[in-house]
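Proteins get letters first, then strands, A, B, ... in listed order; numbering begins at 1 in each.
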Amino acid sequence: DQQVKQNSPSLSVQEGRISILNCDYTNSMFDYFLWYKKYPAEGPTFLISISSIKDKNEDGRFTVFLNKSAKHLSLHIVPSQPGDSAVYFCAASAGNTDKLIFGTGTRLQVFP
Amino acid sequence: EPEVTQTPSHQVTQMGQEVILRCVPISNHLYFYWYRQILGQKVEFLVSFYNNEISEKSEIFDDQFSVERPDGSNFTLKIRSTKLEDSAMYFCASSEGTGLAFNEKLFFGSGTQLSVL
């Protein structure tokens, strides 16, 4: 039951260029979406979120876009930096449930 | 910066044994969670806990699992009789509140890697 899908297990981007990480979901009840970043031997760390009433949210170098009709969201990182190299998880929640549904993650590598 | 602390970082156990994973949530947080990640798979919700009782649990969280807040600072996950398929990284998390406004402020610990042999 993969309600949240990240179809690209890995992505390699040159420093300074844009990184685009994609996420698809199937549950139309999801109304809040989040991106978490995870370094090895650490827990996931919140990065950015978006409510379903918006189609874009920006925070510094990070922008999340939501296309509700396509049930698709993406995370843009520009410019990418070597310190951005990590695993990025897309997550979603519905209503006031406590539960976050995570994707399988995309490993981003930013090389000089 | 306040953080969620988990101990031990690695736990190896024999199948059928009981294990207790320990967590110290951030001190002013009221909501507590356990998630797990089997190697190569997604992070999965197990249980949420508020006001000394379970508020939500997943189908994974069966009778073999239990959670407890034995004192004012610790939050534990007990697996009564471990199975091979329980091998995973277990993450504890906490937040000040719950619902949409607080999901973004979900703080995770660095995890306990449980290996069941």
Which heavy atom in Leu106(B) sits nearest to a heavy atom in Tyr36(A), and how many Å separate them? CB-OH, 3.4 Å
Minimum heavy-atom separation for Ser110(B) and Ala41(A), please, with both atom names. CB-O, 3.5 Å
Turns out that what part of Tyr35(B) lies under 4.5 Å from chain A's heavy atoms comes down to side chain
Heavy-atom proximity to chain A below 4.5 Å, by part of Gln37(B): side chain
Which residue out of Phe108(B), Phe91(B), Tyr31(B) racks up the most heavy-atom pairs below 4.5 Å with chain A? Phe108(B)
Let's test your reading of the structure: which of Gly109(B), Gly111(B), Ser58(B) forms the most heavy-atom pairs below 4.5 Å with chain A? Gly109(B)
With a 4.5 Å cut-off on side-chain heavy-atom distances among I, L, V, M, F, W and Y, is there a chain of contacts connecting Val19(B) to Val47(B)? yes
More than 12 non-hydrogen atoms from neighbouring residues, nucleotides or ligands closer than 6.0 Å to CG on Asn28(B), yes or no? yes
Considering all heavy atoms, the nearest Gly103(A)-Lys42(B) contact: O-CB, 3.3 Å
Could you tell me whether Leu39(B) atom CG has more than 12 heavy atoms of other residues or ligands within 6.0 Å of it? no
I need the minimum non-hydrogen distance between Val43(B) and Phe102(A), along with the two atoms involved. O-CB, 3.3 Å
Quick check: are there more than 12 heavy atoms from other residues, nucleotides or ligands sitting under 6.0 Å from NZ of Lys54(A)? no
Are Leu21(B) and Val24(B) joined in one hydrophobic group, where the rule is that I, L, V, M, F, W and Y side chains link up if heavy atoms are under 4.5 Å apart? no
Enter the distance from Lys99(A):NZ to Lys57(B):NZ here, rounded to the nearest 0.5 Å. 12.5 Å
A quick test of your reading: do over 12 heavy atoms of other residues, nucleotides or ligands sit less than 6.0 Å from CZ of Arg61(A)? yes
Taking everything shown except Arg69(B) itself, do over 12 heavy atoms lie less than 6.0 Å from its CZ? yes
